[in-house]
Amino acid sequence: MVDNRPDIRPSIRTARARVSGLGAAHHGTREWWMHRVTAVANVPLVLAFVVIVALMAGRPYPEAVALVSHPLVAILLILGVLSVTNHMRMGLQIVIEDYVHDKGLRIAAVIANNFYCVVVAVACLYAIVRVSLRALA
């Protein structure tokens, strides 16, 4: 059995110290920090994506495949997809949790959001891996 009685022992800790790092859901600030970390990571990764796309502009398909087949380029693209889709998933989940008030609809929306982001990430990763490995065949 779980003891749900309040703790009435005296403590020298302040109320803030007792709940330090805990939000209303009692899970801390992990999601907040992860959203900020992915936002910072997205800056160089999106810049790298723009440079890669600019380098491919006007090139024939075999040269574009050769560029994406370079290990550094493929890794940058994969990291970019993972970071951007994770950031997208967290950002939309925040919006859903803040503005969808019906519990059942909120749960369905969060599940749909997670499913959509995974599908987008898998499709992008499949395309990158397929194109990058084509040059090896």
Side-chain angles (χ1 to χ4, degrees):
M1 303 260 358
V2 176
D3 186 9
N4 289 329
R5 293 178 291 178
D7 188 10
I8 57 171
R9 292 177 290 171
S11 173
I12 61 170
R13 297 178 71 198
T14 64
R16 180 175 179 183
R18 286 192 296 272
V19 298
S20 180
L22 298 177
H26 302 289
H27 58 73
T29 57
R30 181 180 175 274
E31 286 80 12
W32 186 87
W33 274 109
M34 285 305 298
H35 201 234
R36 295 325 179 263
V37 167
T38 56
V40 170
N42 284 344
V43 173
L45 292 171
V46 169
L47 287 174
F49 175 77
V50 169
V51 168
I52 291 166
V53 170
L55 289 173
M56 286 192 290
R59 289 187 175 190
Y61 182 73
E63 289 182 22
V65 169
L67 179 63
V68 174
S69 298
H70 190 276
L72 179 63
V73 172
I75 289 170
L76 284 173
L77 291 174
I78 289 170
L79 288 174
V81 166
L82 293 175
S83 181
V84 167
T85 54
N86 195 26
H87 185 76
M88 174 178 66
R89 181 193 60 78
M90 288 185 288
L92 191 52
Q93 183 168 338
I94 291 168
V95 172
I96 291 168
E97 289 172 350
D98 286 348
Y99 295 107
V100 178
H101 301 293
D102 181 56
K103 186 174 183 178
L105 185 59
R106 184 180 330 127
I107 291 170
V110 168
I111 290 171
N113 174 45
N114 289 336
F115 181 75
Y116 174 74
C117 292
V118 167
V119 167
V120 168
V122 168
C124 291
L125 293 173
Y126 173 75
I128 293 167
V129 169
R130 175 120 187 214
V131 170
S132 66
L133 292 179
R134 179 171 286 185
L136 298 177

Side chain to side chain donor-acceptor pair (under 3.5 Å): pairs with one or both residues in [range], sequence neighbours excluded:
range	value
residues 72-82	none
residues 112-122	none
residues 34-58	Thr38-His87, Asn42-Ser83

Counting N and O atoms only, with roles assigned by atom type, does the side chain of Ser132 sit under 3.5 Å from a partner on the main chain of Ser69, one being a donor and the other an acceptor?
no

Enumerate, atom names and distances included, each donor-acceptor pair closer than 3.5 Å involving a side-chain atom of residues 103-111, sequence neighbours excluded.
from: Arg106; atom 1: NE; to: Val100; atom 2: O; distance (Å): 2.9
from: Arg106; atom 1: NH2; to: His101; atom 2: O; distance (Å): 3.1

Transitive ILVMFWY side-chain link [X] to [Y], under 4.5 Å:
X	Y	value
Val73	Val53	yes
Ile94	Trp33	no
Val81	Val122	no
Tyr126	Val65	no

For Val119, the hydrophobic cluster (side chain heavy atoms closer than 4.5 Å, chained through members) also holds Phe115

Cluster membership besides Met90, Ile/Leu/Val/Met/Phe/Trp/Tyr side chains within less than 4.5 angstrom, sorted by chain and number, is Met34

Taking all non-hydrogen atoms of both residues into account, name the closest pair between Ile52 and Leu67 and its distance.
O-CD2, 3.9 Å

What closest approach, in Å, do Ala74 and Ile128 show between heavy atoms, and which atom pair accounts for it?
O-CG2, 4.2 Å

Determine whether Leu76 and Phe49 make a side-chain contact, defined as any pair of heavy atoms from C-beta on separated by less than 4.5 Å.
no

Is any side-chain heavy atom of Val68 less than 4.5 Å from a side-chain heavy atom of Met56?
yes

Could you go through Leu82 and Leu125, starting from their C-alpha distance and side-chain angles, then the distance that decides it, and tell me whether this counts as side-chain contact (heavy atoms from CB on, under 4.5 Å)?
CA-CA 8 Å; Leu82 293 175; Leu125 293 173; 3.8 Å; yes

In Å and rounded to the nearest 0.5 Å, what is the CG to SG distance from Asn86 to Cys117?
8.5 Å

For Val84 and Val46, what are the C-alpha separation, side-chain angles and deciding distance, and is it a side-chain contact (heavy atoms from CB on, under 4.5 Å)?
CA-CA 9 Å; Val84 167; Val46 169; 4.2 Å; yes

